[in-house]
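Letters go in sequence order (proteins before strands), and every chain restarts at 1. None of these values were measured; they are calculated from a predicted model.
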Number of protein chains: 2
Amino acid sequence: MLTNTQNLRSDAALASALRVSLARLTRRMRKQAAHHSLTPTQLATLVAVERHTAMTPGELAEHEKVQPPSMTRVIAKLEARGLLERAPHPTDRRQVTVSVTPQGAALLKEERRTKEAWLAQRLRDLTPEERAALRAAAPILEKLSTM
Amino acid sequence: MLTNTQNLRSDAALASALRVSLARLTRRMRKQAAHHSLTPTQLATLVAVERHTAMTPGELAEHEKVQPPSMTRVIAKLEARGLLERAPHPTDRRQVTVSVTPQGAALLKEERRTKEAWLAQRLRDLTPEERAALRAAAPILEKLSTM
DNA sequence: CATGAGTCATTACCTTTGCTAACTATATGT
DNA sequence: ACATATAGTTAGCAAAGGTAATGACTCATG
């Protein structure tokens with residue numbers, strides 16, 4: 001357990017401490033929401049489709065770094081579970097567009113809610129000063145995550 | 001992009017912001033170190049064995065939430081790559097113990113080094129104030145990750 | 001001590017998920 | 001009109017996970 005700012009003077013030491021804590025924290029968060037029995041790729045696909053409103057299989061394959069035939073199967077699975085639906089592409093008969101169903105959106109919402117409830121619960125056990133420090137750090141972590 | 005502490009007054013809002021940023025940040029860190037072509041389970045197994053010094057296949061299976069036959073295979077793979085080695089159990093002839101080879105330890109060290117170097121590089125692009133805020137938050141994130 | 005039950009790792013078989021090769025349908029350029 | 005490119009899908013293969021079964025070992029009991 002680190003003492004407040006002790007041993008964190010260098011970027012390397014801070015990076016090391018953050019790497020360990022963040023990995024552990026996100027691993028634990030992931031475990032809170034693993035009831036849907038979707039594979040990581042399936043879940044990520046659902047998230048991507050929701051974020052973009054609609055995507056083609058090719059776009060999704062590239063987005064998730066899998067080959068198109070694999071993505072065809074992922075989409076088929078999610079469609080079979082009623083989480084995604086296919087439609088003809090508006091302008092290109094070779095393509096299809098994929099969008100999230102209300103059921104799929106609900107699953108994602110529940111996933112997010114579960115993780116955030118778990119984290120919020122832990123935040124409540126912190127002191128007000130600790131919470132304030134995290135509030136100050138949150139936008140910086142956000143910045144780091146998009147750099 | 002969040003403005004400093006704006007909209008983070010509630011635990012729920014802070015949890016939501018942290019969930020997104022931390023997931024993204026750790027995802028990106030993972031991508032930096034994916035040259036070893038180990039599966040997530042193989043890597044996690046290697047990490048677990050190193051941390052515990054020696055473990056049995058049954059312990060590892062439970063630790064990584066896979067069934068024993070699957071873990072037998074993971075161990076065989078890692079052993080074939082010279083990253084783990086098996087030995088007879090000191091007191092129970094049914095069991096074997098698994099430990100990390102110097103090569104396995106070196107691979108993990110390199111993995112950690114790569115991730116931390118990536119993160120440290122990004123830390124260097126922050127302002128001193130931003131870095132200070134992360135330094136203040138680091139022990140709290142550590143605390144959160146073990147609660 | 002012998003026997004039965006329990007424990008442990010492993011093998012065999014099956015399913016799922018990823019890849020590559022090949023194919024069909026459609027779109028585009030000449 | 002024809003050749004080329006694009007998009008999604010199917011088929012076959014490999015890898016990783018599960019379940020069922022097996023053999024060896026350990027422990028408890030009579």
- Task: May I have the distance from E62(A) (atom CD) to dG18(C) (atom P), rounded to whole angstrom?
- Result: 17 Å

- Item | Global bending angle along the helix from dC1(C)-dG30(D) to dT30(C)-dA1(D), which compares the axes of five pairs at either end, to 10 degrees | 10°

- Is there a side-chain contact between L25(A) and L18(B) (heavy atoms, below 4.5 Å)? no

- Item | T101(A) side chain vs G82(A) backbone, donor-acceptor pair below 3.5 Å | yes

- Could you check if a side-chain atom of Q121(A) sits within less than 4.5 angstrom of a side-chain atom of Q32(A), using non-hydrogen atoms only? no

- With a 4.5 Å heavy-atom cut-off, do L108(A) and L43(A) have their side chains touching? yes

- Message: Does a side-chain N or O of Q67(B) approach OP1 or OP2 of dT19(D) to a distance below 4.0 Å, or not?
- Response: yes

- Item | Those residues that, when tested against R27(B), pass side chain to side chain donor-acceptor pair (under 3.5 Å) (two or more places apart) | none

- Between T91(A) and H89(A), does a side chain to side chain contact (heavy atoms under 4.5 Å, CB included) hold up when you go through it step by step? CA-CA 6 Å; T91(A) 59; H89(A) 194 276; 3.3 Å; yes

- Task: With side chain to side chain contact (heavy atoms under 4.5 Å, CB included) as the test, would you mind laying out the steps for T114(B) and E110(B) before giving the verdict?
- Result: CA-CA 6 Å; T114(B) 307; E110(B) 176 63 18; 3.5 Å; yes

- Query: Hey, is the main chain of W118(A) close enough, under 3.5 Å, to the side chain of R122(A) for a donor-acceptor pair?
  - Reply: yes

- Reading nucleotides 5-17 of chain C from 5' to 3' and marking B where a protein heavy atom lies under 4.0 Å of the base, S where only the sugar-phosphate is that close, and - otherwise, the string is -BBSSBB-B---B

- Item | Distance, rounded to the nearest Å, where L60(A) contributes CG and dG18(C) contributes P | 13 Å

